[in-house]
Colleague: 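Can you keep this structure in mind? I'll have questions shortly.
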Amino acid sequence: MYDLLVVGAGPYGLSIASHAAAAGLNVRVFGRPMACWRDNMPGGMFLKSEPWASNLSDPAGRWKLEAYCAEQGLPARHAHPIPVEAFASYGLWFARNAVPEVDERMVSRVSSGADGFTAVTEDGQALQARTVALAVGVMPFIEVPQALRGLHPTLVTHSSHHSDLGHFQGKDVTVIGGGQAALETAALLAEQGTRVRVLARAERLCWNDVPPAWERPWWQSLRSPHSGLGPGWRNWFYSERPGLYRRLPEATRSRIAATALGPAGAWWVRDRVERAVDLLPGHEVTAAAAVPGGLRLELAGRDGSRRSLETEHVIAATGFKAHRDRIGLLSAELRGRLTALPDGSPALGHGFESSQPGLFMAGLVSASGFGPAMRFVHGATFTASTLVQGVRRRLRATPARGTVPVPGGGSRSAAPSPVRG
C-alpha cells in the first residue's frame, strides 16, 4: 500500500513526486517523463515563459533550469526564449536527479474503495494507494470547434497532435486560433514552404510586448514588477499568490479564468508571422465538409459577412478545456462523484484535494480554482509543496486500516506486541 501514487510525469507530476519523496512518503510515479513536451510539439518551437519562470520544483531548489543550462553550456537569460527540446531534456535531467525512479507505464484506470484507491496499469497490474495525485497534463482535454468535430484526421487535427510538421510541406493549411500555439505553428509551416493562413475569432491578433529589462530603476519595478506570468501587479498576483487567488469569490475566479491572459503571440514570433502568413482575424468556422483534395470551410465574419474557403488541412490550435468528464482514467463511479465548478472543472480544496477524499489534482484542471499560473510550468512550485502538505494532512486524518498514526504524518503497525511468559 503506497502513501501516494502520482499519475503523470510532466512538470507537475515530477515536482509533486520530488516533494513527496523528500517528505518521507512512500510514493510511486507513473508515466513517460515529459511525454507531451517530447511527443506533441514540433521541433523548432520555443518556450514562451521566461527561463527563470520555467523551473520544475524540488524542495531544496537545487535542480533548476538555470543549473541544467549551466551544466550543458546553454544560455538561460531573461528575454531569451528556451527551445522546447532543451526544456524537455531539462525535465528528464530533473527526473533522474530529483525524483524516485519513474515507472513509464501508463495508468489506465483509477477507482476508489474502502482503504483508498486502486490504480491499474496498461498491462493489467493493480496497485493500492491511500492517496492519488493526478497530474495528467493537457492531452485529455483537447478542444476542437464543434464545426470541425467528426472529420477525418487526414483533414482536421489539433495542434498538439504534431511532433513533426514536415508532411505539410508544399500543401495548403489553415490554422485556427489566435494564441501562441496557432501563431508559432503557422510560422513554422510558412518557413518550411507551406501555404498557410491563420483564422481567428478575435477582430485583431494580440502580441505580447518585449519584457522590460531584468535590471531597471526601482520605481519601474515598483510600478510593474516582474512575475512568472509577465510584468504587472495583476500578473504578479496570479503568479505568486495562488493561495490568495483561491479565496476570491467563485464568480470572480470564473471571470478571471475565462478572460485573463487570453490568446496572444510572443513578441519574438510576430515578425515571422506577419511577413509570411495570411491572417484572417474576425472570422469563425460555422461549418466544414470534406471535398476532393481537402475540405471546405464556411466562415462567418464579426461584421456579419459570409464566405467560403477550401484548404487541404485544418490544424485547430484551439486550446484545452479541463472538464471533469474528460478525465477518462477515473472509473465512471468515481468521476461521477466529483463536485465540479460551473465551467465543468473539478472543485478542489486548498490543498488541491477533490471532493473525493484522498484524490488530488494538479495542473490545468486546477486553473479555475487557483488561477492562470496553473496553465504554466511556473505553477508547479506552489502546487507541489501545497499538494504534498494536503496529502500529509489526509494521511494523518485517515490512517490505513491496521495502523495507528505517529508524529510526522506516517503510520506504524497496530499489531499487538508478543506476550512474554
Side-chain angles (χ1 to χ4, degrees), residues 1-33 35 56-59 94-96 98-137 327 329-331 333-335 337-338 348-349 351-363 365 380 383-415:
M1 174 76 75
Y2 291 95
D3 291 328
L4 173 66
L5 287 185
V6 179
V7 180
Y12 280 79
L14 293 174
S15 297
I16 291 166
S18 179
H19 281 254
L25 301 183
N26 182 14
V27 60
R28 187 86 175 265
V29 193
F30 285 91
R32 186 165 174 264
L56 278 66
S57 178
D58 64 287
F94 181 94
R96 290 192 299 269
V99 180
E101 183 177 359
V102 178
D103 190 322
E104 295 199 13
R105 291 176 296 173
M106 301 298 291
V107 171
S108 59
R109 182 67 55 183
V110 174
S111 57
S112 60
D115 294 327
F117 299 87
T118 300
V120 180
T121 61
E122 58 189 348
D123 58 357
Q125 183 183 4
L127 300 100
Q128 309 297 317
R130 296 169 63 192
T131 64
V132 170
L134 296 184
V136 295
I327 311 176
L329 62 80
L330 295 180
S331 68
E333 179 185 7
L334 175 53
R335 190 168 60 246
R337 288 202 302 267
L338 296 180
L348 303 176
F352 290 88
E353 189 172 20
S354 71
S355 57
Q356 172 65 42
L359 178 63
F360 296 78
M361 299 188 185
V365 293
T383 298
S385 61
T386 306
L387 187 148
V388 169
Q389 292 173 18
V391 168
R392 297 183 69 186
R393 284 193 298 269
R394 174 54 57 191
L395 294 176
R396 288 195 295 267
T398 56
R401 188 175 297 178
T403 66
V404 295
V406 298
S411 60
R412 60 176 172 81
S413 171

Colleague: Kindly compute the distance separating CZ (Arg109) from CG (Leu330), expressed to the nearest 0.5 Å.
Modeller: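 Reported to 0.5 Å precision, the distance equals 8.0 Å.
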Colleague: Please collect all side chain to side chain donor-acceptor pair (under 3.5 Å) contacts where either partner lies in residues 9-26, sequence neighbours excluded, each pair once.
Modeller: His19-Ser57
Colleague: Do the non-hydrogen side-chain atoms of Asp115 and Gln128 ever get within less than 4.5 Å of each other?
Modeller: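 A side-chain contact is absent here, since even the closest heavy-atom pair is not under 4.5 Å.
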Colleague: Would you give the length of the straight line joining atom CZ of Phe30 to atom CD of Gln125, rounded to the nearest 0.5 angstrom?
Modeller: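 Atom-to-atom, Phe30:CZ and Gln125:CD are 6.5 Å apart.
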Colleague: Return the CG to OG distance between Asp58 and Ser385, rounded to the nearest 0.5 Å.
Modeller: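 That separation rounds to 11.5 Å.
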Colleague: Give me the atom names and distance for the closest heavy-atom approach of Arg32 to Met106.
Modeller: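 So the minimum-distance heavy-atom pair works out to N-SD, 4.4 Å.
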Colleague: Please determine whether side-chain contact (heavy atoms from CB on, under 4.5 Å) holds for the pair Val107 and Leu5, giving the CA-CA distance in whole Å, both sets of side-chain angles, and the decisive distance to 0.1 Å.
Modeller: CA-CA 10 Å; Val107 171; Leu5 287 185; over 6 Å; no
Colleague: Ala362 and Leu387: which non-hydrogen atoms are nearest, and at how many Å?
Modeller: CB-CD1, 4.2 Å
Colleague: Can you see which heavy atom on Val6 is nearest to which on Gly13, and at what distance?
Modeller: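 The pair with the smallest heavy-atom distance is CG1-O, 3.6 Å.
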Colleague: Side chains of Val27 and Asp3: closer than 4.5 Å at any heavy-atom pair?
Modeller: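 Answer no - side chains too far apart.
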Colleague: Are any non-hydrogen side-chain atoms of Leu395 and Thr131 less than 4.5 angstrom apart?
Modeller: yes
Colleague: Rounded to the nearest 0.5 Å, how far apart are CD1 of Ile327 and CE of Met361?
Modeller: 4.0 Å
Colleague: Looking at every heavy atom in both Val388 and Ala20, which two are closest together, and how far apart are they?
Modeller: CG2-N, 3.7 Å
Colleague: Start with the C-alpha distance between Leu334 and Gln356, add both sets of side-chain angles, then the distance that settles side-chain contact (heavy atoms from CB on, under 4.5 Å), and finish with yes or no.
Modeller: CA-CA 8 Å; Leu334 175 53; Gln356 172 65 42; 3.5 Å; yes
Colleague: Before you tell me yes or no, could you show the steps for Val102 and Leu14 under side-chain contact (heavy atoms from CB on, under 4.5 Å), namely the whole-Å CA-CA distance, both residues' side-chain angles and the distance that decides it to 0.1 Å?
Modeller: CA-CA 9 Å; Val102 178; Leu14 293 174; 4.1 Å; yes
Colleague: Any sub-3.5 Å donor-acceptor pair from Arg130's side-chain atoms to Leu4's backbone N or O?
Modeller: no
Colleague: I'd like to check Leu134 versus Val365 (side-chain heavy atoms, cut-off strictly below 4.5 Å). Are they in contact?
Modeller: no
Colleague: When rounded to the nearest 0.5 angstrom, what is the spacing between CZ in Arg337 and CG in Leu359?
Modeller: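 Between atom CZ of Arg337 and atom CG of Leu359 there are 9.5 Å.
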Colleague: For Ser108, enumerate each residue passing the side chain to side chain contact (heavy atoms under 4.5 Å, CB included) test, keeping only those at least two apart in sequence or located in another chain.
Modeller: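 Once residues adjacent in sequence are excluded, the partners of Ser108 under the side chain to side chain contact (heavy atoms under 4.5 Å, CB included) criterion are Val120.
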Colleague: What's the separation between atom CD in Glu104 and atom CD in Glu122, rounded to the nearest 0.5 Å?
Modeller: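 It comes to 10.0 Å.
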